[in-house]
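Below: the structure, in structure tokens.
Remember, it's a predicted structure, so these values are computed and weren't measured experimentally. Within every chain, numbering begins at 1; the chains are lettered A, B, ... in the order of the sequence lines, protein sequences first and strands thereafter.
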Number of protein chains: 2
Amino acid sequence: MARARLTRELIVEAAATLLTESTDDITLAQLGEVLGVDPTAFYRHFRDKDALMRAVSDRILSAVTVDLPPPASDWRATVVEICRRLRAAHVGNPRLAELVRSGPPLNRNEFDLTERLLVELRAAGLKPKAATMAYHALIELTVGSAAIDAALAAEPPDARRQTYERWRSAYRLLDPAEYPTSVRLAGQLYQGDAEQRFQFALDCLLDGIAGHVPGSARST
Amino acid sequence: MARARLTRELIVEAAATLLTESTDDITLAQLGEVLGVDPTAFYRHFRDKDALMRAVSDRILSAVTVDLPPPASDWRATVVEICRRLRAAHVGNPRLAELVRSGPPLNRNEFDLTERLLVELRAAGLKPKAATMAYHALIELTVGSAAIDAALAAEPPDARRQTYERWRSAYRLLDPAEYPTSVRLAGQLYQGDAEQRFQFALDCLLDGIAGHVPGSARST
DNA sequence: GCGAATTGTCAATGTCGTTGACAATGAGCC
DNA sequence: GGCTCATTGTCAACGACATTGACAATTCGC
């Protein structure tokens, strides 16, 4: 009767599943239980919990760049798709997102992502400096949108709608003398899907970025 | 010799100081030591640590809307200033930012911030729907930029530059066959100040938002 | 098969948030 | 001043957690 044999892959797999199934932080005890193994067996394969989280985050990011349309077809559509996927990955894994934000794990998938974005931005006609600045801008917006939406995204759609409605009415019920504009626009806040709002933001940002293409109407 | 007497204000003050001085999470033991008091004395004034953090976050956000230029002077400059301050507040307090992100605390200072942004966006000529969408976009970018920069911002400037250089060289040292664009643009990545990069992103986003003003050249 | 490296198990440690029993303090009242 | 009583600091303890070191079972190179 062999004892359960672990591998890094098995552990990462189990951790990823556990993470996507709950918003809470993962515990080594849970991990051990799922794997049918003593919680501390884990330390034979990873230096500490942080190392595990890093490995899992890489696995999650792998979904961002797979099967993208070939380069040079439509740079803007490709950028939107990448950002959409990146956002989805962050929204689905808030605890990991926290890690990824705090500093590039500099994993293979992160490099793929950066390369692809830079390629597209260069294809759009941006100069090197503008391309990298635009890259940072896109990442910041995408990550921010995900961070804000992560908490709610875990809940079922109707609970989410209820929460949005609660927030709207918080603004609606303010003192109209002090907050006239908030009261008047309350109904429009948090309107629709969080992903639609992200789409709008991304469109605006890309419009602005397109303005930095040499020869475009509004380039400075 | 009276024992040290605590108040909510004293605790919030001490916690805020402690938080801005370190990136790490605050511990009740530290708090007790700073206040010269048993760590558990805290529980006579707050239900739990979470309640304390919420109180501190409100205090931090109060810096965002004070002493702004009067409305209707230059909407774009005012929006930039608000976003800059909001970003600074988040960057300086990563642990709190995490809380604020996850859902509007709906405090007085948060309402002030929203009202002021919406006023400016309406003054810019945006329709109600576009104004609220633009509001969300601005918040998402600002918060994202802060989240990414928070970890490094705590370190002294030269350590920060070193870290940026380390990241750049990680891209520079990639296989040129696989990552040609990353290698070529590595020197431009993470260039300059994080706040300058944010400025660029904000400018792009505001350009795009300005395009939604009815009558503007590129309005759809 | 034999010895050595791997790898799971178990007991223990340290940190942390939180709780409950207890004691010192201070305010109101006589 | 002395009583009552609520407030608030103190202390010991608990449970959850990550991590470590000693030990034992397994597996692999030879």
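The CZ atom of A/Arg8 sits 15 Å away from the C1' atom of C/dT7 (whole-angstrom rounding). Regarding B/Met53, its CE atom lies at a distance of 14 Å from the P atom of C/dC16, rounded to whole Å. Rounded to an integer number of Å, the gap from CG of B/Asp38 to C1' of C/dA24 is 14 Å. Straight-line distance from the CG atom of B/Leu31 to the P atom of C/dT15: 18 Å, rounded to whole Å. Atoms CG (A/Leu35) and P (C/dG8) sit 10 Å apart, rounded to a whole Å. In this entry the distance linking CD of B/Glu33 with C1' of C/dC16 reads 15 Å, nearest Å.
Residues meeting the side-chain contact (heavy atoms from CB on, under 4.5 Å) test with B/Gln162, sequence neighbours left out: none. Residues that satisfy the side-chain contact (heavy atoms from CB on, under 4.5 Å) test with B/Ala16, not counting sequence neighbours, are B/Val56, B/Arg59. Scored by the salt bridge (charged side-chain N to carboxylate O under 4.0 Å, His left out) test, B/Arg122 finds no partners at all (sequence neighbours excluded). Residues meeting the side-chain contact (heavy atoms from CB on, under 4.5 Å) test with B/Asp50, sequence neighbours left out: B/Asp48, B/Arg54, B/Leu99.
Listed pair A/His45 / C/dG8 meets the phosphate criterion, a side-chain N or O lying under 4.0 Å from OP1 or OP2.
With a 4.5 Å cut-off on side-chain heavy atoms, A/Asp203 and A/Arg76 count as touching. Proximity of A/Pro156 to A/Arg160: side-chain heavy atoms (C-beta onward) are nowhere separated by under 4.5 Å.
A heavy-atom distance below 4.0 Å to DNA chain D is reached by none of the residues of residues 12-22 of chain B.
Between A/Arg197 and A/Asp193, no side-chain nitrogen of the basic residue sits less than 4.0 Å from a carboxylate oxygen of the acidic one, so the salt-bridge criterion is not met.
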Once each nucleotide of nucleotides 18-23 of chain D is scored for protein heavy atoms under 4.0 Å, what B/S/- sequence comes out, 5' to 3'?
SBB-BB
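Counting non-hydrogen atoms of other residues, nucleotides and ligands closer than 6.0 Å to CD of B/Glu178 gives a total above 12.
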